[in-house]
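Before any comments, here is the structure.
What you are looking at is a predicted structure, and each value in this text was computed from that prediction instead of being measured.
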Amino acid sequence: MQDYISEVLSKVEAKNANEKEFCQAVYEVLHTLKPVVEKHPEYEKTALLERLVEPERIIMFRVPWVDDKGVVHVNRGYRVQFSGAIGPYKGGLRFHENVNLSIIKFLGFEQIFKNALTGLPIGGAKGGSDFNPKGKSDNEIMRFCQSFMNELQRHIGHNLDVPAGDIGVGAREIGYLFGQYRKIKNAYEAGVLTGKALEYGGSLVRKEATGFGLMYFMHCMLEKHGIDIKDKTVTISGSGNVAIYAAQKAMEMGAKVVAMSDSNGCIYDKNGIDLDEIKRIKEVERLRIKEYLKKHPDAKYSENIEGKTPAVYEIPAQIVLPCATQNDINLQTAQLLTKNGVLAIGEGANMPTDNEAIEYFINNNVLLAPAKAANAGGVATSALEMSQNSMRYSWSYEEVDHKLKEIMVNIYKSCLMAINEYNLGINYSAAANIAGFKKVASAMMEQGII
Ligand code: NDP
Ligand code: 2IT
């Protein structure tokens, strides 16, 4: 059976040789599926894995826009509708200068299994653009979003494909995207995008959901392994949406968050991070994290050096939460964190740990909460936003938070069931892959060869 998996992997690598991140994500999932595929010879007969690794549809388009000085720019837009087997395509949009097809495909592929794990009826997709939002005015962001939606609107809909935010796309961008969609369609289809502001159909707790959900999952995992989160030292890579609300929940749980970062460098505050100041710098002023020193001159700032371990991972911590970007932790960084006494890693970002580093952590008894499971709270709450939009109703903060917690506990239980059924030890990454895959594979078998 390994032969079938190896065969599919070779084909994926040959066909997508220039898509490094996509091949990495496919390898990470497929090489853990052997025990499931062994039990189901019909998967090979129906080319189930070959179908699963080929997106149902890839959309690429031109995004022209005019900056404040009148200069015309052209970016590339993407939407990869990877799998609609269990529900409408669902997944975020990323605006970042390094976006390319490989990155959007890896994110879309991961999203299939993550969305299945939530237990909610959502398929997997991802989109975005190589547009760099840093340093752009609000008007430039608006014009870019409008141009992006001029094309994207043909391909999305509340029963078809429902985008949301990701890196570089938050409530501001979703607002501009929604406005343009509404104008073009001349209809109020609130459920076409999630992550909306509360005033026009957003859900309470969506903003906090990924970070809170990560900590709900971490709490389950740590408790199971006899680790009390209280008073543990935490460092967080990133200072965006996921990082900020992971920090908030970690603090509420009694942990001590001492470091956060952005792509330039990291701040270390031995007294514990002042999160209100981070929110002011990042959510309101949109400045660099170094700004933190102005109010906290005793904190330390370390610049990232190209090709070296990101500065935030140099700081010893018991719990480490990568909440920035993919491949943030390689083998060398994993060795450093382990040497410095890390007990657990919680993946807030998508694929922040490369395959060698995952293996190293597992072999060295470091717990790792895998992204597909641990950061699923964001998309799960997006699905709750869709439900509220369909009902033309909204739930209270407590109701949504309660549902989110329940979903994260259930995801943890699904992982545990796979661990027990397949004897996976502490390999939560394999467990999440298997649990997500089983649901998608059954749905695909039911629906025939499509
Ligand atoms: P934001 O744009 O709000 O924040 C991104 C953070 O990561 C910033 O601090 C940013 O620093 C840093 N970062 C981004 N790219 C890089 C890079 N190439 N190198 C170093 N640092 C980088 O995004 P989110 O918080 O929404 O997303 C963070 C991660 O979480 C992503 O991997 C995303 O896919 C994942 N995720 C997000 C969900 C959501 O609901 N938003 C749900 C599930 C996962 P800087 O400002 O300097 O670029
Ligand atoms: O990676 C992710 O799960 C997200 N960026 C959230 C997607 C969503 O549809 O809310």
Side-chain angles (χ1 to χ4, degrees), residues 25 29 52 55-59 77-95 103-128 148-149 152-167 169-171 173-174 177-178 181 189-196 201-203 205-207 209-210 213 241-242 349-351 371-391 400 403-404 407-408 410-411 414 432 435-437 439-441 443-444 447:
V29 172
L52 189 63
E56 290 185 8
R57 194 171 298 108
I58 295 180
I59 299 144
Y78 301 87
R79 187 71 180 165
V80 174
Q81 297 175 335
F82 222 115
S83 167
I86 64 172
Y89 306 113
K90 182 85 195 86
L93 297 172
R94 176 177 291 191
F95 293 169
I103 288 178
I104 299 298
K105 278 177 70 180
F106 112 65
L107 288 163
F109 184 70
E110 297 282 288
Q111 201 81 40
I112 304 171
F113 308 99
K114 183 198 302 194
N115 292 5
L117 279 169
T118 66
L120 300 166
I122 39 180
K126 202 82 184 191
F148 186 84
M149 187 52 89
L152 188 69
Q153 53 91 15
R154 296 170 215 286
H155 311 287
I156 61 175
H158 59 182
N159 289 323
L160 168 61
D161 183 358
V162 182
D166 193 79
I167 292 176
V169 178
E173 291 72 20
I174 294 293
L177 291 164
F178 185 75
Y181 183 85
E189 294 168 17
V192 70
L193 291 168
T194 61
K196 299 180 293 294
S203 173
V205 198
R206 175 61 188 90
K207 182 175 71 174
T210 311
N241 173 264
V242 179
N350 286 308
M351 204 167 78
K372 289 180 202 77
N375 76 27
V379 74
T381 308
S382 276
L384 299 179
E385 183 173 332
M386 290 163 70
S387 303
Q388 293 169 84
N389 294 152
S390 297
M391 289 190 290
V400 182
K403 288 182 203 301
L404 167 63
I407 290 167
M408 297 314 296
N410 284 335
I411 293 176
S414 304
F437 170 75
K439 182 171 175 188
V440 179
M444 288 174 74
Q447 293 175 29

Quiz item: Taking the side chain from Ser387 and the backbone from Ala383, do they hold a donor-acceptor pair closer than 3.5 Å?
Solution: yes
Quiz item: Are Ile103 and Lys126 side-chain neighbours, meaning at least one heavy-atom pair lies under 4.5 Å?
Solution: no
Self-check item: Leu384 CG to Ser203 OG distance, which is reported to the nearest 0.5 Å
Solution: 6.5 Å
Quiz item: Is a donor on one side and an acceptor on the other found under 3.5 Å between the side chain of Gln447 and the backbone of Met444?
Solution: no
Practice problem: Show the numbers, then the answer: is there a side-chain contact (heavy atoms from CB on, under 4.5 Å) between Lys105 and Ile58? | Solution: CA-CA 9 Å; Lys105 278 177 70 180; Ile58 295 180; 4.2 Å; yes
Quiz item: Is it true that a side-chain atom of Arg79 and a backbone atom of Leu152 form a donor plus acceptor pair closer than 3.5 Å?
Solution: no
Quiz prompt | Minimum heavy-atom distance Ile86-Ala443, with the two atoms named | solution = CG2-CB, 3.6 Å
Exercise. Output all residues satisfying ring-ring contact (aromatic ring centres under 6.0 Å, His included) with Phe437, sequence neighbours left out; order by chain, then residue number.
Key: Tyr43
Quiz item: Do Val162 and Ile122 come close enough that some side-chain heavy atom pair is under 4.5 Å?
Solution: no
Quiz prompt | Test item: Val169 and Arg94 side chains (from C-beta on) under 4.5 Å apart, heavy atoms | solution = no
Practice problem: Indicate yes or no for a side-chain donor-acceptor contact from Glu385 to the backbone of Lys196 under 3.5 Å, with no hydrogens or angles considered. | Solution: yes
Quiz prompt | Residue pair Phe148, Leu93: steps toward the side-chain contact (heavy atoms from CB on, under 4.5 Å) verdict | solution = CA-CA 11 Å; Phe148 186 84; Leu93 297 172; 3.9 Å; yes
Exercise. Go through the steps for Leu120 and Met386 under the test side-chain contact (heavy atoms from CB on, under 4.5 Å), then give the verdict.
Key: CA-CA 11 Å; Leu120 300 166; Met386 290 163 70; over 6 Å; no
Self-check item: Sidechain-backbone polar pair: Asn375 side chain, Ala349 backbone, donor-acceptor under 3.5 Å
Solution: yes
Quiz item: What is the minimum heavy-atom distance between Ala371 and Asn350, and which atoms define it?
Solution: CB-CA, 4.1 Å
Quiz prompt | Minimal non-hydrogen separation, Ile174 against Thr194, with atom names | solution = CD1-O, 3.8 Å
Quiz item: So, for Phe82 and Phe109, which heavy atoms are closest and what is the spacing to 0.1 Å?
Solution: CD1-N, 3.5 Å
Self-check item: For Ala164 against Ser382, the heavy-atom pair lying closest together
Solution: CB-OG, 4.1 Å
Quiz prompt | Side chain Asn115, main chain Gly123, donor-acceptor under 3.5 Å | solution = yes
Self-check item: Residue pair Ile156 / Tyr181, side-chain heavy-atom distance below 4.5 Å
Solution: yes
Exercise. With rounding to the nearest 0.5 Å, note down the distance linking CD in Gln388 to OG1 in Thr381.
Key: 9.5 Å
Quiz item: Does Glu110 come within less than 4.0 Å of Lys372, counting only side-chain N to carboxylate O?
Solution: yes
Self-check item: Note, Ile59 side chain near Tyr78 side chain (heavy atom, < 4.5 Å)
Solution: no
Quiz item: Can Lys207 and Asn241 be counted as having a side-chain donor-acceptor contact under 3.5 angstrom?
Solution: no
Quiz item: Can you find a heavy atom in the side chain of Leu160 that is under 4.5 Å from one in the side chain of Pro88?
Solution: no
Practice problem: Any chance you could measure Thr118, atom OG1, to Lys90, atom NZ, to the nearest 0.5 Å? | Solution: 11.0 Å
Quiz item: Rounded to the nearest 0.5 Å, what separation is found between the CG atom of Leu177 and the CD atom of Gln153?
Solution: 12.0 Å
Practice problem: Applying side-chain hydrogen bond (donor to acceptor under 3.5 Å, both in side chains) between Asp161 and each of Arg57, His155, Gln81, report the one that passes. | Solution: Gln81
Exercise. Take Tyr89 and Gln111 through the test side-chain hydrogen bond (donor to acceptor under 3.5 Å, both in side chains) and record every step on the way to the result.
Key: CA-CA 10 Å; Tyr89 306 113; Gln111 201 81 40; over 6 Å; no
Quiz item: Are any of the side-chain heavy atoms of Asn389 and Glu189 separated by less than 4.5 Å?
Solution: no
Practice problem: Would you name the heavy atoms of Ala373 and Ile411 that are closest together and state the gap between them? | Solution: CB-CG2, 3.6 Å
